[in-house]
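Following: one structure in structure tokens, then a few remarks.
All chains are named by letter (A, B, ...) in the order of the sequence lines, taking the proteins before the strands, and each is independently numbered beginning at 1.
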Amino acid sequence: MTDTIATDTTTKRAIERFDPSIEPKWRAFWEQKGIFSAGRRPGAPNRYILEMFPYPSGDLHVGHLKNYVIGDALTRYYVIRGYDVLHPFGWDAFGLPAENAAIKFKRHPREWTYSNIAESKKSLEIAGIMYDWSREVTTCDPNYYKWNQWLFQLLYKKGLAYRASSLVNWDPVDQTVLANEQVDAEGRSWRSGAQVEKRELEQWFFKITAYAERLLQDLDKLTDWPERVKIMQRNWIGKSEGAEVTFESEQGDQIVVFTTRPDTLWGATFMVLAPEHPLVAKLTTPDKQAEVEAYVTKSKLESEIERTSTTKEKTGVFIGAYAINPVNDERIPIWIADYVLMGYGTGAIMAVPAHDERDFAFARQFNLPIRVVVQPEGQNISAEAMSEAWPDEGVMVNSGPLDGVPAGKGEGQSVKAAIAWLEEHGKGKGTINYRLRDWLISRQRYWGTPIPMIHREDGSIVPVPDDQLPVVLPEISDYLPKGRSPLASATDWVNVTDPETGEPARRDTDTMDTFVDSSWYYLRFTDANNAQEIFSKEAAATWMPVDQYIGGIEHAILHLLYSRFITKVLYDEGLVPDDEPFRALFTQGMVQRRVRTPVMIENDMVTFPEELIRKLELPREPVDETTARAQLKLHGYVLERAGEGWEAISGPVTMSKSAGNGVPVGPFVRQYGSDVARIVVLFAAPPENSMEWTDEGVAGAQRFLNRIVALFGPDQAEIAARKGRMYKYTPTEADKTLHRRLHETIKKVTQDTEEFHFNTAIAALMSLLNDAISYRNQAGEVTPMFTELAQAYARLLSPFAPHLAEELHAWFGGEGSVYDAGWPEWDEAALMQSEIEVVLQVNGKVRGKINVPAQADEAQLREWALSNERVQSFIEGKPVRKVIVVPGKLVNVVA
RNA sequence: GCCGAAGUGGCGGAAUGGCAGACGCGACGGUCUCAAAAACCGUUGGGGGCAACUCCAUGUGGGUUCGACUCCCACCUUCGGCACCA
């Protein structure tokens with residue numbers, strides 16, 4: 001920090017720069033003093049701040065850092081404010097990627113995972129992200145997954161874990177079953193991207209549907225969650241109210257349908273079953289057999305994307321059978337069609353083409369009858385003339401007991417009336433349906449928590465007794481996926497004796513979905529080293545719920561919904577104090593960076609590099625420059641000169657290993673400092689937005705820290721010498737102004753930090769720095785006011801540039817850590833100005849400004865405004881109709 | 001198709017009913033230097049004017065208001081989520 005590199009010609013003071021080599025000593029200092037250890041301030045109000053724990057992917061780049069920098073800034077803010085803060089870290093270490101990497105690099109998943117953890121941890125330490133490492137958890141450690149197994153058994157005992165055979169999502173590449181949440185809209189696996197197939201398998205499920213209503217209702221309690229996350233969860237839970245109505249086939253088989261419009265039952269003209277519906281085989285008449293089987297087979301083979309495409313023409317087959325409409329005993333044909341999904345409702349619908357868009361399209365496609373039962377007000381629609389369904393309000397017609405009732409959901413309206421009628425006549429009942437499915441947790445893979453259950457020879461299942469947990473993942477040599485769990489090949493491990501009878505039995509060979517591991521890890525942090533329990537009630541009561549959870553929007557549904565579910569289960573068990581895990585949620589935006597690819601230009605002809613040819617499907621043969629630019633532009637690329645050669649520069653894309661645009665943490669921090677990286681990330685954009693990482697942004701952050709050092713560095717001894725002394729002096733105007741600016745800044749930084757407006761908090765600190773520099777240049781010496789400012793500045797900087805803040809604190813004679821120095825408080829009185837500027841408007845346009853005493857009242861302001869020359873000239877002698885006076889702000893004269 | 005968010009200088013963004021463009025980046029001019037970099041000083045929304053100044057301007061069109069980036073209505077565009085959910 002002492003390397004003088006130039007001389008400022010105006011003040012002849014040595015210029016110093018921010019030196020990143022000061023950082024390691026402060027990290028060691030914090031570590032040694034335990035500044036960021038939870039429980040350091042017993043009795044103080046506490047905070048639990050948590051970033052979503054990562055999958056250990058090895059070397060971190062600065063894009064990974066953003067999440068941690070936000071959490072670290074908040075942690076430091078609350079620590080300097082005097083809170084006892086829990087800020088722990090861990091590793092979501094189980095899961096497919098380790099196994100896939102193990103297969104690819106021929107290393108054991110454990111070895112690969114732990115070496116990644118060591119590397120990632122080093123990056124975080126170098127970056128000075130401070131965690132209470134004594135509470136580190138690693139999900140692939142038996143001391144952790146033991147409690148995963150315990151949790152599984154708790155759910156089992158409560159009837160919330162069950163085994164069932166069902167049609168499940170099968171990923172043919174990763175060779176495993178996936179949860180619904182892990183399959184995207186196009187029917188592709190979240191990991192492998194492969195088209196998922198449907199298979200009938202026996203699997204373990206968690207009964208999350210038992211909590212559907214609470215998961216939905218309690219979203220309203222989460223006032224500090226982003227609205228869009230809550231909306232996504234609401235949509236995912238997908239509650240709809242309606243009725244179940246029982247139809248009967250002519251042979252007497254009961255066919256239950258779910259409908260949200262039981263009022264339109266009288267308009268049902270046919271019925272549709274999902275192709276997979278269990279009654280299809282039984283009901284199909286012999287003459288239709290071949291046709292129906294062909295259709296069922298075809299729809300099984302069709303990919304999810306083809307099947308669910310909304311633009312597709314409706315397809316279906318009449319199965320030859322008829323059902324009786326329970327409300328009017330009408331005989332209606334039964335069809336199968338793939339637009340009816342087995343996974344929703346009952347897999348069977350009554351079709352009311354007049355009032356449902358899809359049924360309408362189907363009826364038109366196959367010439368099925370349409371009957372109007374809701375007549376829109378003031379219209380008289382007829383089935384023949386309809387060009388689209390009428391799903392809206394009107395009055396019920398052709399509906400027996402419902403005729404004349406207004407169509408709608410409210411009291412005294414058709415839906416309620418229909419449900420009442422159905423219940424009274426025993427033909428159906430009001431019901432609520434959710435789109436949420438139970439959580440399928442079995443995985444036929446090696447690298448996960450073994451499911452702690454034992455299968456007896458008679459087919460029954462018993463849990464592994466608690467005192468035999470954990471069921472340790474066995475060592476095997478071949479973890480290649482093969483359609484059944486690789487664990488099945490560990491025969492010594494699989495073959496056990498029944499804990500109750502001593503008879504030979506077999507272990508369950510599947511492992512748990514990694515989302516089970518991450519659904520409760522935040523609870524383990526409260527008591528991470530407890531060998532007796534999953535966590536103690538007291539520890540959970542002390543810290544839970546998490547006060548601030550920070551992570552990516554990509555977990556809006558999966559992880560957050562599962563965590564809420566598990567917390568509710570544990571709450572019902574009396575183990576946690578609150579039935580929601582995360583009081584506040586913040587979803588941060590991505591860090592992006594442009595990708596630069598060198599391009600060959602010879603004789604004005606451009607040859608694209610191989611990687612761009614493949615990625616953007618560009619021509620292999622050389623093209624002229626204009627064509628090249630146009631082709632690149634289509635993909636958001638520009639062609640630019642770079643030194644001697646040329647580069648194709650992409651638009652900003654998320655930093656990632658695959659895009660090759662990550663800036664590694666280690667080298668960056670060593671060259672520029674972690675404080676620079678933090679300022680870049682926090683200042684560039686609001687933290688919820690994505691931000692572009694640029695060299696200019698880095699230079700700007702560096703400049704800011706350099707200016708701080710250049711201002712305070714040369715004066716450090718003098719500032720330190722004045723520390724704690726009280727001065728009696730008559731403040732100059734400049735003193736008063738700087739004092740006011742300091743307190744304005746304290747207020748703004750405090751408020752902005754609490755609201756996650758780190759970019760404006762840092763802007764305020766830059767602004768104050770600019771003022772302080774001007775002040776110091778004019779004063780020409782270290783004044784009492786400058787000393788006051790310097791002391792406060794170090795503390796205000798501490799959440800954002802912690803190493804420099806600690807250095808400043810030490811320079812200025814501070815004892816111990818800046819984080820024990822307390823956060824500066826602003827003084828409202830200091831914000832007052834004796835004289836303020838008031839804006840004068842004529843007809844809403846600014847026409848002048850006057851300086852007036854701050855306490856000037858309305859009458860005075862009015863007087864001054866009206867007598868103002870410029871105001872007069874704009875009134876142009878017209879009569880003044882109205883004068884609006886906003887004391888302290890403006891006067892608007894309406895003429 | 002449904003739901004949601006957003007649209008402000010060359011760029012990131014600031015201002016949630018009261019001076020639009022804080023802070024930063026970039027650009028331009030200057031100081032220092034043999035030169036460059038760094039650093040420092042200044043200018044920087046657009047039009048008009050020698051100037052004091054003035055007009056226009058926050059996606060588009062309307063409205064409410066003394067006053068609208070901010071509130072209301074309609075539309076356009078972009079992004080995100082869901083999507084044959086009965």
Return yes if a side-chain donor-acceptor contact under 3.5 Å exists between [X] and [Y], otherwise no.
X        : Y        : result
A:Tyr339 : A:Asp359 : yes
A:Asp338 : A:Ser299 : no
A:Thr737 : A:Tyr775 : no

Look at all strands and tell whether [X] reaches a base, only sugar-phosphate, or nothing, counting heavy atoms closer than 4.0 Å.
X        : answer
A:Val846 : sugar-phosphate
A:Gly700 : sugar-phosphate
A:Asn689 : sugar-phosphate
A:Leu890 : base
A:Asn770 : sugar-phosphate
A:Tyr434 : nothing
A:Glu357 : nothing
A:Glu227 : nothing
A:Asn759 : sugar-phosphate

Distance check, [atom1] atoms only: [N] and [M], in whole angstrom units.
N     : M     : atom1 : value
B:C84 : B:U16 : C1'   : 41 Å
B:A57 : B:G46 : P     : 16 Å
B:C71 : B:A15 : P     : 14 Å
B:G45 : B:G13 : C1'   : 15 Å
B:A68 : B:U58 : P     : 11 Å
B:G47 : B:G61 : C1'   : 24 Å
B:A27 : B:C11 : P     : 15 Å
B:A52 : B:G67 : P     : 30 Å

Interatomic distance where [atom1] belongs to [X] and [atom2] belongs to [N] [whole Å]:
X        : N     : atom1 : atom2 : result
A:Asn706 : B:G24 : CG    : C1'   : 15 Å
A:Glu688 : B:A6  : CD    : P     : 10 Å
A:Leu711 : B:A39 : CG    : P     : 16 Å
A:Lys889 : B:U16 : NZ    : C1'   : 12 Å

For B:G9, does the glycosidic angle fall within 90° of 0 (syn) or outside that (anti)?
syn
Taking atom types as they are modelled, is there a donor-acceptor pair under 3.5 Å from the base of [N] to the side chain of [X]?
X        : N     : answer
A:Asn235 : B:C82 : no
A:Lys849 : B:C19 : yes
A:Glu696 : B:C11 : no
A:Lys314 : B:C84 : yes

Which of these nucleotides, [options], is closest to any side-chain atom of [X]?
X        : options             : value
A:Arg847 : B:U54, B:A14, B:C23 : B:U54
A:Arg228 : B:C23, B:A86, B:G80 : B:G80
A:Asn892 : B:G18, B:G4, B:C82  : B:G18
A:Arg870 : B:G18, B:C66, B:U54 : B:U54
A:Lys845 : B:A86, B:C56, B:C23 : B:C56
A:Arg707 : B:U54, B:C40, B:C66 : B:C40
A:Arg17  : B:G18, B:U54, B:A38 : B:A38
A:Arg703 : B:C56, B:G18, B:C25 : B:C25
A:Ser240 : B:C3, B:A86, B:U54  : B:A86
A:Asp338 : B:C84, B:G4, B:A22  : B:C84

If we ignore hydrogens and angles and just use 3.5 Å, is the side chain of A:Asp752 paired with the main-chain N or O of A:Phe758 as donor and acceptor?
no
With no hydrogens and no angle check, is any side-chain donor or acceptor of A:Arg847 less than 3.5 Å from a backbone partner on A:Gln841?
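Checked: no pair found.
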Pick the closest RNA chain B nucleotide for A:Gly844 and for A:Gly343 by heavy atoms, then say which residue is nearer the 5' end.
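Nearer the 5' end of the strand: A:Gly844.
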5'-most by nearest nucleotide on RNA chain B - A:Gly697 or A:Ala685
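By nearest-heavy-atom nucleotide position, the 5'-most residue is A:Ala685.
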Verify side-chain hydrogen bond (donor to acceptor under 3.5 Å, both in side chains) between A:Arg707 and A:Asn770, making sure each step is shown before the conclusion.
CA-CA 9 Å; A:Arg707 281 156 59 82; A:Asn770 291 343; 2.3 Å; yes
Please state whether the rings of A:Phe258 and A:Tyr344 are parallel, tilted or perpendicular, taking 30° and 60° as the class boundaries.
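Because their plane-to-plane angle is over 60°, the rings of A:Phe258 and A:Tyr344 count as perpendicular.
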Which of parallel (below 30°), tilted (30 to 60°) and perpendicular (above 60°) describes A:Phe366 and A:Phe362?
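If you compare the ring of A:Phe366 with that of A:Phe362, the planes turn out tilted.
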Can you tell me the pairing partner of [N] across any strand shown, Watson-Crick or G-U wobble, with both distances under 3.5 angstrom?
N     : value
B:C32 : none
B:G10 : B:C25
B:A51 : none

